[in-house]
There are 2 protein chains.
Amino acid sequence: MKLGQATIKDIARELNVSSSTVSRALKDYPGISDETKRRVKELADKLNYRPNAVALSLRKSKSFTIGVIIPEVVHFFFSTVISGIEEVAFSNGYNVILCQTNERLDREKSSIDTMLSNQIDGLLVSFSKETTEFDHFSKLMDLDFPIVFFDRLPEIPNAVNVTVNDFEGAYQAVKHLLEQGYKRIVHLAGPSNLAISKKRKEGYLKALAEAGIEADESLIIECPGGNEKESFDVTKQLFENEKNRPDAIFAHHDIVAAGAMMALKSLDLRIPEDVGLVGYSNWQFSSMIDPPLSTVSQPGFKIGETAITMLLEMIDKKRDYKSEPVQVVLDTELLVRKSSVRI
Amino acid sequence: MKLGQATIKDIARELNVSSSTVSRALKDYPGISDETKRRVKELADKLNYRPNAVALSLRKSKSFTIGVIIPEVVHFFFSTVISGIEEVAFSNGYNVILCQTNERLDREKSSIDTMLSNQIDGLLVSFSKETTEFDHFSKLMDLDFPIVFFDRLPEIPNAVNVTVNDFEGAYQAVKHLLEQGYKRIVHLAGPSNLAISKKRKEGYLKALAEAGIEADESLIIECPGGNEKESFDVTKQLFENEKNRPDAIFAHHDIVAAGAMMALKSLDLRIPEDVGLVGYSNWQFSSMIDPPLSTVSQPGFKIGETAITMLLEMIDKKRDYKSEPVQVVLDTELLVRKSSVRI
DNA sequence: TTTTTTTGTGCAAACGATTGAATAGCTGTC
DNA sequence: GACAGCTATTCAATCGTTTGCACAAAAAAA
C-alpha cells in the first residue's frame, strides 16, 4: 500500500522527539510529560495516524487474525456459522480470513499453509468430505497451535470441538414420524465417511428399535452428493412401486428432502397424507416450500459463536483445553411443520 | 504464534552462513554456489520452512490480502459472490479477509479501518443500506487506493464497479408477465435509497409504459425490510379485497416473493392461474417451492470473479482504471418457471 | 554544596525477510 | 609480484513498532 499512511516515525520527526517517545505517548505510558503526550496525540489525530497492524504482528508474533476453513460458503448452514464467528471475532478485535475448500483435501491443505504463513493465531475448521486422515491438523495441535473443529469431527483424540447433537436430533425426528403413525420410514443418508451421517443414522435406528420396528437396510440409502437431483431420482425409484411402498422419509438435510418432495409430487403422492417428510438443518427455504418442511434446526450462529469463543480462550490461554479437552454439543430443535403432521 | 516455526535465521545459524545467503539460496539468486543452495534447500525442507508472510508484508508494503465488505454472508446472492471472489483470489495467491456490516454504517467504517491497518492491498465493497454518503470511500480513492464496488453503486464519479443490469432484468420480468396476460401488476419494491431498487422499479415502469398501461402508484409498495413476514402482510392486505384485485406481482427479490406466495395461498388464490408471480435473484430455494418461482437470476459467482479480477489488475497496475474508469454490467437471465405461466 | 531521587527522553535491539554495497579469497594476466 | 576480475559470501539498512536500559537534567534531600 502506498496510501502515504503516517507512521510513528513521521510524528517523531515532525515533533523532534524519538519514536519511542511517540509510541509511549500514544499509549499513555507513565513517564511521558503531559505536554508531550498532548502534542503527540494532537499530531497523530491530525495525520490520521493508524498503527500498522503488520508491524505489530511481526513484533508481537500475534496477528489478531484467525483462519476459518469451511467446505462451502453457499451452504446456508455454514454461512450462519460464519456470521456467528464474524460477530464475536470482530467485537474482540480479531480479523477473520476465510478459505473454502470446495470439499477438496488439497485445497484444505494449501489453505492451511497460506494461513499459517500469514501467522494466524488460531484456526476454526470444518474439514472437507475428502478428508479422511488428519495429520495436517494433529501435527499443528502437537505444537500447541489452537484449533477448534466444528460441525464435522476429526478422528483426533482430545480435539476441541463444537457440534450439534445429531444423534438426538435424528432420533427426535424419526420418533415424531412414528408418533404420527408412519411405519415404513426411509432414511436418505449422508456420506458415510462423515461422523454426522453416522450419528443421524444411529438416531434413526434407535427410534425404530425403540418402537419395536426392525430396520430394513433397503430403506437406508446413501445420498453422498447431497443435491436435489440425486434424491429426486432415488425417491422416485423407491416410491414408484405401489407394493410395499414406504410411507415416510427422514432426509439427511433439507436439500435432499426438497428433492424427495418434488419426486413425491411428481408421483402424485400427497404430503403429509400419503408420505411424511422430515429434513435436517432448517435451510432458509424450508418454511417457504409447500407443504412447509418439518426439519431439525441446527443453531448455526450459536455454533460459530461458541467455536470462536473457545478458540479465543485457547489463544489467550485463559483455559487449559489441553488438560481438559472440551467437546461442546449443542441442542438441535425439531421444527414440526406441515410435511409430517397427519393426525 | 509460538509454533516454533523455522526462520531464515535458524537455517543460517545451523549452516553457519548469513541470512542473506539463505534468502538468496532459497530464491535461486545467481552468485550462490550450487553446493550452498543444495544444503540450504535441504535444511529448509527438513525444517519445513515457510516464509513469514507478515515479515514479507512489512518489508514489501504489500500483504497479498484483499478486504471484502458485504452486508450479510447469509444472503445467498452474497455468498455466491464471495465464492467467486475466493476462487480467483486463492488462485492468484491472495487472501481474503471478510467483514460483514449487517447493513450498518458504523460497522462499515470500522471494518475498513481495521482492514486498512492490516495493510490490505485493495477493497471489494458492497456497502450497507445505511450508507448514503461516501466520503470514507472517496478519500481512499483519492489516495489511489484500489477499490471495486459490486452490486451496489456509490455516488462517486468514476468509481470502478460491477453490477448486473437490474433495469433490463426487471423490464424482462414484467414484460413476461404482461405477455402472459396479466394486467394489474404489483411491484413489491426494495429500499428506495439503493440504486438497484430504483433500477428495478424503472424497468417495471418501462415495461408497463411500453404496453400502454398507466402505472398505478398504489400498486408500487416499498418493502424495505425484505423479509417474508413483511411481504406476507403487505400482500395479504393488497389482495384481500376482491374488487379491483391485482393479478400479478413482481417482487424485488425472492424472499419477498416467497412471503407474497404464502399470503396468496392463505387467501386461496391460485398461482399462476389467479395471480402471476416473479421474483428476483434466483435464491437456492426458488426452484424448490411450489409452484416453482419464476425469477431473474443474477450471476453472483461471475460478479465476484469479475470484481476481483479488476481489483487485482488495479493493484498490479496492469490497467489504468483512473484514466479509463470501468463500469461492468453483467446480464441477468429471466428464469421462467411455473409461478408466472398461464398460457 | 554534594548526593540522591525523580522525571522525561533517547538508544538500540528485536520481530523475519530482502537487497544494494562491501569484502574476502581466488585465478589469471602482464 | 602487483593488480584486475571474478565468485561466493557477508554487512548493514530497511519496513513500523515496542521495550529494557541508559542517561541527562531537574528537583529534592542531605
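Chain letters run A, B, ... following the sequence lines, proteins first, then strands; residues in each count from 1.
- The side chain of I8(A) lies closest to dT17(D), out of dG8(C), dT17(D), dT19(D).
- Between the CD atom of E35(A) and the P atom of dT9(C) there is a distance of 9 Å, given to the nearest Å.
- Side-chain N/O atoms of T36(B) include one lying less than 4.0 angstrom from OP1 or OP2 on dT9(D).
- Distance check, rounded to the nearest 0.5 Å: CG of D121(A) to CG of L123(A) gives 11.0 Å.
- When rounded to the nearest whole Å, the span between CG of L56(A) and C1' of dG16(C) equals 15 Å.
- In this structure, CZ of R59(B) is placed 11 Å from P of dG16(D), rounded to the nearest angstrom.
- The distance from atom CD of Q5(B) to atom P of dC15(C) is 15 Å, rounded to the nearest whole Å.
- Of the two residues contacting DNA chain C, namely L58(B) and R24(A), the nearest-nucleotide position lying further toward the 5' end is that of R24(A).
- Distance K60(A) NZ to dC15(C) C1': 12 Å, rounded to the nearest Å.
- Using a 4.0 Å heavy-atom criterion, one finds that V54(B) contacts no nucleic acid atom at all.
- Between dT10(D) and T21(B), a contact under 4.0 Å exists linking OP1 or OP2 to a side-chain N or O.
- Atom NZ in K62(B) sits about 24 Å away from atom P in dT14(D), given to the nearest Å.
- When each of dT9(C), dT10(D), dT19(C) is scored by its nearest atom to the side-chain atoms of S18(B), the top-ranked nucleotide is dT10(D).
- In this structure, S20(B) reaches the bases: a heavy-atom distance under 4.0 Å links it to at least one base atom across the strands shown.
- The aromatic rings of F64(A) and Y94(A) lie tilted to each other, with the angle between the two planes from 30° to 60°.
- Nearest heavy atoms, G300(B) versus T80(B): CA-OG1, 3.4 Å.
- The side chain of S33(B) places an N or O atom within less than 4.0 Å of a non-bridging phosphate oxygen (OP1 or OP2) of dT9(D).
- A straight line from CG of L47(A) to P of dG16(D) spans 14 Å, rounded to a whole angstrom.
- Taking only side-chain atoms of P51(A), from C-beta outward, the nucleotide of dG8(C), dT10(D), dT17(D) with the closest atom is dT17(D).
- For T7(A), whose side chain is taken as the heavy atoms from C-beta onward, the closest listed nucleotide among dT9(D), dG16(D), dT19(C) is dG16(D).
- Between D28(B) and K41(B) there is a salt bridge, with a side-chain nitrogen of the basic residue lying less than 4.0 Å from a carboxylate oxygen of the acidic one.
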Please evaluate residues F137(A) and E108(A) with respect to the criterion side chain to side chain contact (heavy atoms under 4.5 Å, CB included), reporting the C-alpha separation (whole Å), side-chain torsions for both, the decisive distance (0.1 Å), and the verdict. CA-CA 10 Å; F137(A) 296 121; E108(A) 185 170 296; 3.3 Å; yes
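- In this model, the phosphate group of dC15(C) is approached by a side-chain N or O of K9(B) to a distance below 4.0 Å at OP1 or OP2.
- Side-chain nitrogen and oxygen atoms of Y29(B) include none within less than 4.0 Å of the OP1 or OP2 phosphate oxygen of dT7(D).
- Among the heavy atoms of the strands lying under 4.0 Å from N16(A) are primed sugar atoms or P, OP1, OP2 only; no base atom is included.
- Contact annotation for S57(B): no contact, since no heavy-atom pair falls under 4.0 Å across all strands.
- Salt bridge K139(A)/E133(A): absent, no basic N to carboxylate O contact under 4.0 Å.
- Nucleotide dT6(C) holds its P atom 18 Å from the CD1 atom of I32(A), rounded to whole Å.
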